Structure formats: structure tokens, C-alpha cells
Amino acid sequence: MQDVTITINGDIVTGTIDERTLLLDFIRDVAGKTGTHNGCLEARCGCCSVEVEGDIVKSCNVLALQVAGRSVTTIEGLSKERLRPVEHVTSQSLAGMYAPLEAMGADVNDLHPVQVAFHQCHALQCGFCTPGMVMVMKNYLEENPEPTRDDVRTAIAGNLCRCTGYQHIVDAGMMAAETMRSQPDNSRPAPARPAHDH
Amino acid sequence: MRAFTYLTPSAPTEVVEMLDAHAPDARVIAGGQNLLLGMKDRSDSPAFLVSLGGVSELEGVRAADSGELVIGAATTYATLARMEFTGWHAEIASVCGNLADRPVRTMGTIGGAACAADPRYDIPALVTGVGASLEVLSAQGVRTIEPSDFFLEGGGTSLQPGDLLTAVRFPATEAFTTVVFEKFRQRVFDAALASTVLALRVGDGVIEDLRLTVGATTPRPTVCVTSTAGLIGQPVDAIEPVLVADAAAIEVLGPETSNDPPHLRYQRELIKSVTRRALIRATAIPRS
Ligand SMILES: Cc1cc2nc3c(=O)[nH]c(=O)nc-3n(C[C@H](O)[C@H](O)[C@H](O)COP(=O)(O)OP(=O)(O)OC[C@H]3O[C@@H](n4cnc5c(N)ncnc54)[C@H](O)[C@@H]3O)c2cc1C
Ligand code: FES
Ligand code: FES
């Protein structure tokens, strides 16, 4: 067992972990951030993608020890403002779940342009692949703000989606690229605000 | 995964000391993209992992006085893909930016790929194709190994426990006019089913050097000799891509027979088409 500290979305998280702990397990079990999904555990599906200091990795194929002392951004870090608790799923009607985000009381401005584009282009169905898709897309668009559709397809080559058939995901990538070009500031996660603001 | 102790040296000599102290149960972990997959399914179970994460000396690229391009073993694909190399060295960046997928390239290193020596990985083919040499540090000192001695005929490498690959030394830009890497894979992030490296030096329209190497279809990349015999000294126009590619397929996989199993016929066709593509792309440049 070993003490490891990793900064996750700006929060310093320390845990006493087994050396074998994957970054994915550290994020989900030690930090309690379950937005990062475990789809295959063998670096094939991309559901577990997160950023380590601006570089995208598959967190299921990295030991927590390999990133000890460094900063990680997960899907939750993209829209800090929206971290207010959402009502429990079972207490919401399906109509409520599928209603536009605005109707759920979410301010679209809180979302990262990639998240907005995924919502508007209907780029998810079950949503299991979405956290990884969004993280890889964001990371790629920050490097290449003017991609072609083919570029976007290649960028998400390591992310599998069993639902959408990818067309809408590529649409979302193109839409997000356009938004990020016109509002460069929006491409970064909103700065953390003190809790009493919410 | 079986339990292990994680060691974090900060210098290459320290890595070697740790490997020796815990031989043969210690293994280097560079990016871990290959090693961790094996550890998860327990086909690999080292008791000690020696991390290169904190050994900054093994990262980065420099030009040697000889003009060689020296790439530190722990330099990641992502770093190499972003480099703006001159001459044929640009093909190194291009290969590194067009394999695996974006997240794997962040962690995966050129040295890790060479040491893993999976025949379907691109680095063994590239290293063999351009005749890069591999610099290895051990308790006995530094030695430089040619690809034909590094990659074993039956697969794997000649590295011994306690050996650390420190750098891959690519020949100077002058060595070749052009280097072309072509591969076929099923999906973008799959490893190659067949790959070809063509390294060509042309002076005054005449071929001064030509190396054709086929990867992914044999346990180690095959340098084609008979299929390119007689081309040196000829004008570039003398290269017949279809004839050379057909001959290369025979040289790599043996002569065609009527009862070749389907996978062999498939490999044969793939070798022919990637080799043809490489030859056409490489010869188009000096011809025009
Ligand atoms: C989803 C996926 C897709 C992939 N697709 C491709 C592809 O299309 N093409 C391709 O070429 N590769 C592909 N790869 C493989 C990838 O290239 C290699 O896994 C990676 O480059 C290995 O580098 P690493 O630093 O992660 O090595 P590690 O996993 O850290 O190490 C690999 C082996 O080499 C040893 N080692 C590492 N560095 C040294 C050193 N300096 N000295 C001595 N021994 C050392 C380790 O002990 C281990 O045995 C893919 C991998 C994944 C997970
Ligand atoms: S869970 Fe990491 S790639 Fe599938
Ligand atoms: S939306 Fe279901 S896997 Fe992609």
C-alpha cells in the first residue's frame, strides 16, 4: 500500500492505495467521481479517457502511481458550475430526462461547447461512451480547431460507441469546433466558484 | 494483476542498478500501454516495476555530431508526432502520429514499442527499415545494437534482464532522399496486418541506396534483398513497383503454392499492395 495524491478537477485527493490501482479506479473509488466509465479495462473502448495536465489518456491503462502528484481533469471538470445535485433519476419522469437541458434548469453556458454540441446534435443514446468521447473530442479540438469530418473520425478512433453509429458524434465534433473557434474562452472549463454561489 | 513494488529512479544508471538488484523479477515500465495489458491478464507478472516516468534524461530528441537523430527511449509518440523534423525524418513523426489512438499515443513510447517488439507494431519495422541503431545501457556499460541483432529472428529482442534501452539512433537526413512507410490495418487503431518501409537515396536520378523492409507478417521485420537486387546504380525509373512488390511477397512468405491457407494468401496480397503503394509514393518524389 502506498499514499498517493492526485489533483482531480482542482481538488486535491489523497488515498492509501494498492500499487495495482489503476487511475480509473482512483478516480471512481477514491475520488468518488463516477462520470469516468469502465467499459473494457483493456484500452480498447475509450470510455475511461481523462486528461492528465492537458494530455488525454485511457485511465484504465495507466497506474495511479504513474500520475502521482499530477493534475487530472475528468468529465465532471468540464462543467463545474453544473455540479449542483440533479434529482435522483427514478424521481424524474422520462419526459423530464429527455426534455431540453434548459427545461431541467441547466444553464447551457455552464456546459463546455463539446457538451452543448453533443446535446444539440443528439450525439448520445445510452450515454455510456459519452464521457470518454467528450474528453477526447475536447482534447483534440483544442489542438486542431479547424478539423474536417475525417479528422474528427480519426481523432475518436479509440472510442467505441455501440449506439449512435457515430454520425451524430461527428456532427457534434464539427459543431463544437465552430463554437470553440468563435468563443475561444469557452473552450476551457469555467473557473471554480465558492460553493455559496450555487 | 499480481502485486508488485513500484520503484521510481531518476537517472538511467539508477534504473540499471534497480533492475540488477531485483533481477530477473524486475521490469521497466515506460508508458505501460503494452506492459499493463499483459499484467492485467497475468501473462506478465513482474514483482518490481522500475518506472521511467521520472527519468527525464531518457526523454527528448537531439542531433548528434554525426548528424544522427537521437531519440530518447522514453519519448512518447505524442511528442514525436508534434516534432517538425527535416528531410525524411518527417516520416518518423508521421508514423508516430498515425498509430494506435490519441490517448495511447500520449503514454506509449518509442522505446517501449521497440522493446515489446511485437511484429505488428510500426516501430520495429521503421527502425529496421532505415537501419537505426539501438543504444543500450547495462552494468557493463553502453553498447549499440543493430536492428538485425536487436530483433530476434523468432521474435522478441536480444535484451537481457538488467538492460535498459536508452535511445534509438536514426541515420542522418543525408542517408536517404526519401523514406516511405505504408501499412494496412483493419480499423484505424488496430496494429498493422502488413507494413512496408522503403528508404531510398537518389543522386542525379540514379539510385544510390535502396532498402525495402516488410513488417507485421514475420516474427521480425524482413529486409528484402533478392527482390531489390540490381536496382542500385539504376535510374529511379528502372523501379517497376508491381514486379518488385510481387517479388517481395515471395521473398517474405516463400513461393506461392496452390494449397496456401487463406490467411497466407491474404498476407501475400497485403504485402503486395502496401509495397506497391510505398514504391509508387517514394519514386514519385525524385521523378518529378
Ligand atoms: C489500444 C492500443 C492500440 C495500439 N495500436 C498500435 C498500433 O497501431 N501500432 C503500434 O505500433 N503499436 C500499437 N500499440 C502498442 C503501442 O505502440 C505500444 O504499446 C507502446 O508503444 C509501448 O510503449 P510503452 O512505453 O507503453 O511500453 P511499456 O508497456 O511500458 O513497455 C513495453 C515493454 O518494453 C519494456 N521496456 C519499455 N521501455 C524500455 C526500455 N527503455 N528499456 C528496456 N525495456 C523497456 C517493458 O519492460 C515492457 O516489457 C497499441 C496499444 C494499444 C493499447
Ligand atoms: S475502459 Fe479504458 S479503454 Fe475501455
Ligand atoms: S451512446 Fe451508447 S455507447 Fe455511445
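Note on naming: letters A, B, ... go to the chains in the order of the sequence lines (proteins, then strands), and numbering restarts at 1 for each one. The structure displayed is predicted, hence computed values, not measured ones. Side chains included, hydrogens not; waters and symmetry mates left out as well; all remaining heavy atoms used.
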Under a 4.5 Å heavy-atom cut-off, does chain B meet the side chain of [X], its backbone, both or neither?
X	result
A:Arg153	neither
A:Glu51	neither
A:Asn139	both

A:Glu178 atom CD, neighbour heavy-atom count above 12 within 6.0 Å |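 Atom CD in A:Glu178 is not crowded, with 12 or fewer foreign heavy atoms closer than 6.0 Å.
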Taking atom CD of B:Gln186 as the centre, report whether more than 12 heavy atoms of other residues, nucleotides or ligands fall under 6.0 Å from it.
-> no
May I ask you to decide whether A:Lys33 forms a salt bridge with A:Glu76, counting only side-chain N to carboxylate O separations under 4.0 Å?
-> no
Do you know the tightest heavy-atom contact between A:Ala123 and A:Ile169?
->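 Looks like O-CG1, 3.4 Å.
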Just how far is it from atom CZ of B:Arg276 to atom CZ of B:Arg281, taken to the nearest 0.5 Å?
->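 Rounded to the nearest 0.5 Å, the CZ-CZ separation comes out at 15.5 Å.
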Residue part contacting chain A, namely of [X], when any heavy atom lies under 4.5 Å:
X	value
B:Arg102	both
B:Arg2	backbone
B:Ala3	both

Using a heavy-atom cutoff of under 4.5 Å, enumerate the residues of residues 57-68 of chain A that contact chain B, numbered in order, or state 'none'.
-> A:Val57, A:Lys58, A:Cys60, A:Asn61, A:Val62, A:Leu63, A:Leu65, A:Gln66
Find out whether [X] and [Y] are in side-chain contact, i.e. whether some heavy atom of one side chain is under 4.5 Å from a heavy atom of the other.
X	Y	value
A:Asn159	A:Cys129	no
A:Met180	A:Val114	yes
B:Leu36	B:Met1	yes

Tell me, with the steps shown, if B:Asp118 and B:Arg120 meet salt bridge (charged side-chain N to carboxylate O under 4.0 Å, His left out).
-> CA-CA 5 Å; B:Asp118 186 311; B:Arg120 290 177 57 196; 5.5 Å; no
Criterion salt bridge (charged side-chain N to carboxylate O under 4.0 Å, His left out) on A:Asp25 and A:Arg28, from CA distance to verdict = CA-CA 5 Å; A:Asp25 296 327; A:Arg28 290 180 61 89; over 6 Å; no
Candidate pair B:Val28 and B:Leu164, rule side chain to side chain contact (heavy atoms under 4.5 Å, CB included), full reasoning = CA-CA 8 Å; B:Val28 166; B:Leu164 171 69; 4.1 Å; yes
According to the interplanar angle, ranging from 0 to 90°, do the rings of B:Phe4 and B:Tyr6 count as parallel (below 30°), tilted (30 to 60°) or perpendicular (above 60°)?
-> tilted
What residue in A:Met135, A:Glu143, A:Gln2 has the most heavy-atom pairs under 4.5 Å with chain B?
->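 So the answer, after comparing A:Met135, A:Glu143, A:Gln2, is A:Glu143.
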For B:Phe189, is the NZ or CZ atom of A:Arg44 found under 6.0 angstrom from the centre of its six-membered ring and inside 45 degrees of the ring axis?
->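 Yes, a cation-pi geometry holds between A:Arg44 and B:Phe189.
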Mind checking which of residues 37-61 of chain B sit less than 4.5 Å from chain A, heavy atom to heavy atom?
->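 B:Leu37, B:Lys40, B:Leu49 fall under the 4.5 Å cut-off.
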